[in-house]
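Structure first, commentary second.
Labels below follow one simple rule: chain letters A, B, ... track the order of the sequence lines, proteins then strands, and each chain is numbered from 1.
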Protein chains: 2
Amino acid sequence: MGHPSRVYMVEELSRGERCVCELTEMVGADVSTVSKHLSVLKNAGIVSDEKRGSQVFYSLRVPCILNFFLCVEEVLKANAAEHSALAG
Amino acid sequence: MGHPSRVYMVEELSRGERCVCELTEMVGADVSTVSKHLSVLKNAGIVSDEKRGSQVFYSLRVPCILNFFLCVEEVLKANAAEHSALAG
DNA sequence: TTGCCGTTTGGCGTAATGGCCAAATGATTA
DNA sequence: TAATCATTTGGCCATTACGCCAAACGGCAA
């Protein structure tokens with residue numbers, strides 16, 4: 001976790017399963033790079049994969065991970081508020 | 001985030017403010033190392049610091065980060081269940 | 001079998017991170 | 001001011017993470 005591409009992928013997977021090709025197109029990196037990120041998430045138990053035909057579909061296994069992103073947003077908002085307070 | 005020492009420190013800070021010396025003793029690493037971790041957490045907006053006398057006290061600024069740890073535990077439990085299922 | 005598509009893995013160079021030591025900073029006391 | 005304690009910062013080295021390319025793997029169709 002903590003990597004922008006992985007965060008982005010998890011957010012996308014929260015909307016439903018996606019194949020590697022879709023995630024690759026969204027992230028805009030090399031397929032191998034995306035595959036490795038997914039491998040990390042899979043080993044961490046955050047996503048699960050299912051092979052159908054020649055494609056592999058990933059899905060979010062731990063919905064509570066989204067709470068984390070909500071928290072991150074809260075942090076960012078707090079930071080923004082602080083910075084504007086410092087500026088003004 | 002994502003680093004064991006930082007996770008440990010955030011968990012500890014969730015119980016109340018701690019000075020650098022306390023966190024250093026708990027983590028068991030060099031003071032400078034702990035200070036750098038705290039600096040990372042501070043820049044990320046996760047903790048805040050307050051200097052009182054010659055000591056600096058850190059406190060958790062974003063309680064929702066704890067939801068993340070609950071989620072992590074859930075992930076670990078899910079993983080453990082899966083592994084035992086594979087084994088059994 | 002051959003060829004193609006989707007995906008994964010290995011390798012390599014580069015960038016970032018973590019850890020310690022040493023030095024610098026700031027507060028306190030003598 | 002000098003000395004001391006608590007903390008931070010800089011330097012250096014070892015380790016890890018990223019990202020791309022190339023190669024390997026598995027499924028599908030001809």
Side-chain angles (χ1 to χ4, degrees), chain A residues 1-13 15-61 65 68-69 72 75-76 79 82-83 86, chain B residues 1-13 15-61 65 68-69 72 75-76 79 82-83 86:
Chain A
M1 294 295 307
H3 193 278
S5 293
R6 287 201 283 267
V7 170
Y8 184 67
M9 287 194 280
V10 169
E11 279 180 330
E12 186 58 34
L13 290 177
R15 302 195 187 87
E17 66 173 20
R18 297 281 187 276
C19 68
V20 178
C21 53
E22 287 173 309
L23 293 171
T24 298
E25 189 175 356
M26 292 169 185
V27 170
D30 192 88
V31 193
S32 62
T33 300
V34 171
S35 179
K36 281 180 184 174
H37 280 309
L38 288 169
S39 179
V40 171
L41 291 173
K42 183 184 167 187
N43 287 330
I46 295 173
V47 303
S48 58
D49 61 341
E50 182 188 342
K51 190 161 195 170
R52 289 206 296 273
S54 62
Q55 294 186 343
V56 178
F57 290 86
Y58 282 83
S59 54
L60 190 57
R61 213 176 136 199
I65 203 83
F68 174 59
F69 293 129
V72 169
V75 171
L76 296 178
N79 290 350
E82 177 179 302
H83 290 153
L86 288 174
Chain B
M1 294 295 305
H3 192 277
S5 294
R6 287 201 284 267
V7 170
Y8 184 68
M9 287 194 280
V10 169
E11 279 180 330
E12 186 59 32
L13 290 178
R15 302 195 188 88
E17 65 173 20
R18 298 281 186 275
C19 69
V20 179
C21 53
E22 287 173 310
L23 293 171
T24 298
E25 190 175 355
M26 292 170 186
V27 170
D30 193 87
V31 195
S32 63
T33 301
V34 172
S35 179
K36 281 180 184 174
H37 280 310
L38 287 169
S39 178
V40 170
L41 291 172
K42 184 184 167 187
N43 286 331
I46 295 172
V47 302
S48 59
D49 60 341
E50 182 187 342
K51 190 162 195 170
R52 289 206 294 274
S54 63
Q55 295 185 341
V56 178
F57 291 87
Y58 282 84
S59 54
L60 191 56
R61 214 177 135 199
I65 203 83
F68 175 60
F69 293 128
V72 169
V75 171
L76 295 178
N79 290 350
E82 177 179 302
H83 290 153
L86 288 174

**Prompt:** Quick check: does any side chain N or O of Gln55(B) sit under 3.5 Å from a backbone N or O of Arg52(B), one acting as donor and the other as acceptor?
**Reply:**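 Judged by distance alone, no pair lies under 3.5 Å.
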**Message:** Strictly distance-based, threshold 3.5 Å: is any side-chain N or O of Ser35(A) a donor or acceptor partner for the main-chain N or O of Val31(A)?
**Reply:** no
Distance in angstrom units between [X] [atom1] and [N] [atom2], rounded:
X	N	atom1	atom2	result
Lys42(B)	dT9(D)	NZ	P	8 Å
Asp49(B)	dA6(D)	CG	P	18 Å
Asp30(A)	dG11(C)	CG	P	17 Å
Leu41(A)	dT7(C)	CG	P	16 Å
Asn43(A)	dA17(D)	CG	C1'	15 Å
Glu50(A)	dG6(C)	CD	P	18 Å
Leu23(B)	dA6(D)	CG	C1'	13 Å
Leu38(A)	dT7(C)	CG	P	10 Å

Residue-phosphate contact under 4.0 Å: [X] side-chain N/O, [N] OP1/OP2:
X	N	value
Arg52(A)	dG6(C)	no
Tyr58(A)	dT8(C)	yes
Ser35(A)	dT8(C)	yes
Ser32(B)	dC20(C)	no
His3(A)	dG19(D)	yes
His37(A)	dG19(D)	yes

Using only heavy-atom distances, decide whether a donor-acceptor pair under 3.5 angstrom links the side-chain of [X] to the base of [N].
X	N	value
Ser5(A)	dC18(D)	no
Ser54(A)	dC4(C)	no
Lys51(A)	dG6(C)	no

**Asked** Do other residues, nucleotides or ligands put more than 12 heavy atoms under 6.0 Å from Glu11(B) CD?
**Response**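 Atom CD in Glu11(B) is packed in, count exceeds 12.
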**Prompt:** Is Phe57(A) touching bases, backbone alone, or none of the nucleic acid, heavy atoms closer than 4.0 Å?
**Reply:** nothing
**Prompt:** So what does Val20(A) hit on the nucleic acid, given a heavy-atom distance under 4.0 Å: a base, only sugar-phosphate, or nothing?
**Reply:** sugar-phosphate
**Prompt:** 5'-most contact on DNA chain D: Thr24(B) or Lys36(A), nearest heavy atom basis?
**Reply:**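 Result: Thr24(B).
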**Asked** If you check the Ala29(A) side chain, which of dC20(D), dT9(C), dT8(D) turns out closest?
**Response** dC20(D)
**Prompt:** Between Ala29(B) and Thr24(B), what is the shortest heavy-atom contact and its length?
**Reply:**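 Shortest heavy-atom separation between Ala29(B) and Thr24(B) comes out as O-CG2, 3.4 Å.
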